[in-house]
Enquirer: 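Starting off with a structure, shown below.
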Amino acid sequence: MPKTLSVTSWNINSVRLRIESVVRFLHEAQPDFLCLQETKTPDDAFPAHAFTKAGYPHHAFIGMKGYNGVAIVAREPFRKLEAREMCGKPDARHIAVEIGEGAGAIQLHNFYVPAGGDLADPDENPKFAHKLSFVEELRQFSEKLRGSQPRAVLVGDLNIAPLEHDVWSHKQLLDVVSHTPVETDGLKAVMQEGEWCDAFRVLKPEPEKVYSWWSYRSPDWAAADKGRRLDHIWLGRSLKDQIVSGEIRKETRGWERPSDHVPITLTIARD
DNA sequence: ATGGTGGTTAGACCA
């Protein structure tokens with residue numbers, strides 16, 4: 001067993017359309033675990049063989065036709081944990097596995113938080129209400145996990161940029177869904193409840209700007225650089241002193257037919 | 001100032 005554990009989170013926006021990009025990334029970065037969101041693929045169409053061929057023969061996935069969907073693929077075996085049905089909806093926004101054995105086992109949870117639509121008003125916009133309910137459920141889940149399994153990693157597209165320097169303009173985005181106070185306060189409550197450590201902000205403290213997403217709607221995304229940090233890797237309290245390194249593969253945003261999110265990878269010591 | 005682009009899938013719906 002290697003001495004470190006590396007985990008990537010990547011919203012791939014259709015794993016079938018971008019399977020060649022995913023395989024390229026795996027060859028270049030070789031993380032131990034890859035957590036995907038927005039696979040947009042029913043389970044019977046998940047490209048398992050391509051992952052096996054790329055050296056990742058262990059898979060856990062839950063998907064649906066056209067929307068949502070999450071997956072975890074790995075080079076090493078794992079135990080599948082229960083996929084949670086969040087907000088009472090069977091919409092495939094969580095999957096989890098357990099890595100290793102006994103007291104050293106680590107739980108890895110992969111979440112895809114609802115984007116929340118355009119209007120930041122839960123009374124007028126049911127998608128925003130769903131997002132806030134999801135975040136509240138994440139808070140309750142974090143409380144339970146903190147007590148039962150502090151050796152946990154939570155990753156995913158959380159669709160919230162919680163800090164001032166997680167967006168290109170704090171002031172201009174205060175009423176834009178993903179950075180409104182009700183969302184950023186909600187996510188901070190989740191972090192507090194779970195005693196989660198925001199690993200990339202340990203490695204890159206504010207006021208450094210850190211982004212993982214650049215909109216498709218920007219004609220020149222790289223020059224404009226109007227990004228947001230929507231993707232996160234959090235460590236439970238028993239793992240927070242084991243950070244080794246982190247990497248954000250911004251260059252993948254410039255690949256042909258890119259996802260609007262880029263892969264973020266965290267490496268920690270196994271024990 | 002309220003569109004801009006992209007994926008899924010066949011007219012909207014979602015991001």
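Only a predicted model underlies this, so the values are computations on that prediction, with no experimental measurement involved. A note on names: the letters A, B, ... follow the listed sequences, proteins ahead of strands, and every chain is numbered from 1.
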Enquirer: For A:Asp166, which of A:His179, A:Arg228, A:Arg229 qualifies under side chain to side chain donor-acceptor pair (under 3.5 Å)?
Expert: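 Of all the options given, the one that passes is A:Arg229.
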
Enquirer: Between B:dC13 and B:dT2, how far is it from one P atom to the other, in whole Å?
Expert: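 Rounded to whole Å, the distance is 23 Å.
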
Enquirer: Report the distance from atom CH2 of A:Trp213 to atom C1' of B:dC14, rounded to the nearest whole Å.
Expert: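 That distance rounds to 14 Å.
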
Enquirer: Just N and O in the side chain of A:Arg93: are any of them under 4.0 Å from OP1 or OP2 of B:dA15?
Expert: yes

Enquirer: What is the minimum heavy-atom distance between A:Glu137 and A:Glu85, and which atoms define it?
Expert: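 The pair with the smallest heavy-atom distance is OE2-O, 4.0 Å.
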
Enquirer: For B:dG6, what is the paired nucleotide under Watson-Crick or G-U wobble rules, both distances under 3.5 Å?
Expert: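 Paired with B:dC14.
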
Enquirer: Judged by each residue's nearest nucleotide on DNA chain B, which is more toward the 5′ side, A:Arg217 or A:Thr39?
Expert: A:Thr39

Enquirer: Tell me: CG of A:Leu230 to P of B:dC14, nearest whole Å?
Expert: 19 Å

Enquirer: Between atom CD in A:Gln172 and atom P in B:dT2, what is the gap in whole Å?
Expert: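 Rounded to the whole Å, the gap is 17 Å.
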
Enquirer: Figure out the CG/P separation between A:Asp260 and B:dG4, and round it to whole Å.
Expert: 18 Å

Enquirer: For the rings on A:Phe134 and A:Phe141, is their centre-to-centre separation under 6.0 Å?
Expert: no

Enquirer: Calculate the interatomic distance between A:Lys226 atom NZ and B:dG3 atom P; express it in whole Å.
Expert: 17 Å

Enquirer: If we check side chain to side chain donor-acceptor pair (under 3.5 Å) with A:Asn13, which of these qualifies: A:Arg257, A:Lys40, A:His261?
Expert: A:Lys40

Enquirer: Given atom CG of A:Asp175 and atom C1' of B:dT2, what is their separation to the nearest angstrom?
Expert: 13 Å

Enquirer: Do the ring centers of A:Trp168 and A:Tyr211 come within less than 6.0 Å of each other?
Expert: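 Between A:Trp168 and A:Tyr211, the centre distance exceeds or equals 6.0 Å.
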
Enquirer: What's the shortest heavy-atom distance between A:Lys209 and A:Glu164, and which atoms?
Expert: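 Heavy atoms of A:Lys209 and A:Glu164 come nearest at NZ-O, 3.8 Å.
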
Enquirer: Between A:Tyr56 and A:Phe33, is the gap from one ring center to the other below 6.0 Å?
Expert: no

Enquirer: Please say which of A:Asn11, A:Asp157, A:Asn110 ends up in a side chain to side chain donor-acceptor pair (under 3.5 Å) with A:Gln37.
Expert: A:Asn110

Enquirer: Short of 4.0 Å, heavy atom to strand atom, which residues of residues 11-23 of chain A count as contacting DNA chain B?
Expert: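 Heavy-atom cutoff 4.0 Å gives A:Asn13, A:Ser14, A:Leu17, A:Arg18.
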
Enquirer: Taking the P atom of each, how far is B:dA1 from B:dC14, in whole Å?
Expert: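 29 Å, rounded to whole Å.
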
Enquirer: In whole angstrom, give the distance that lies between atom NZ of A:Lys40 and atom C1' of B:dC13.
Expert: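 Distance check: A:Lys40 NZ to B:dC13 C1' gives 10 Å.
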
Enquirer: A:Lys127 has an atom NZ; how far is it from atom P of B:dC13, in whole Å?
Expert: 9 Å

Enquirer: Both A:Pro258 and A:Asn159 contact DNA chain B. Taking the nearest nucleotide for each, which residue is further toward the 5' end?
Expert: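 It is A:Pro258, whose closest nucleotide lies nearer the 5' terminus.
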
Enquirer: Heavy-atom count check: over 12 atoms from other residues, nucleotides or ligands less than 6.0 Å from A:Glu208 CD?
Expert: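 Count over threshold, so yes.
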
Enquirer: Residues from residues 64-72 of chain A sitting under 4.0 Å of DNA chain B, heavy atoms only?
Expert: A:Lys65, A:Gly66, A:Tyr67

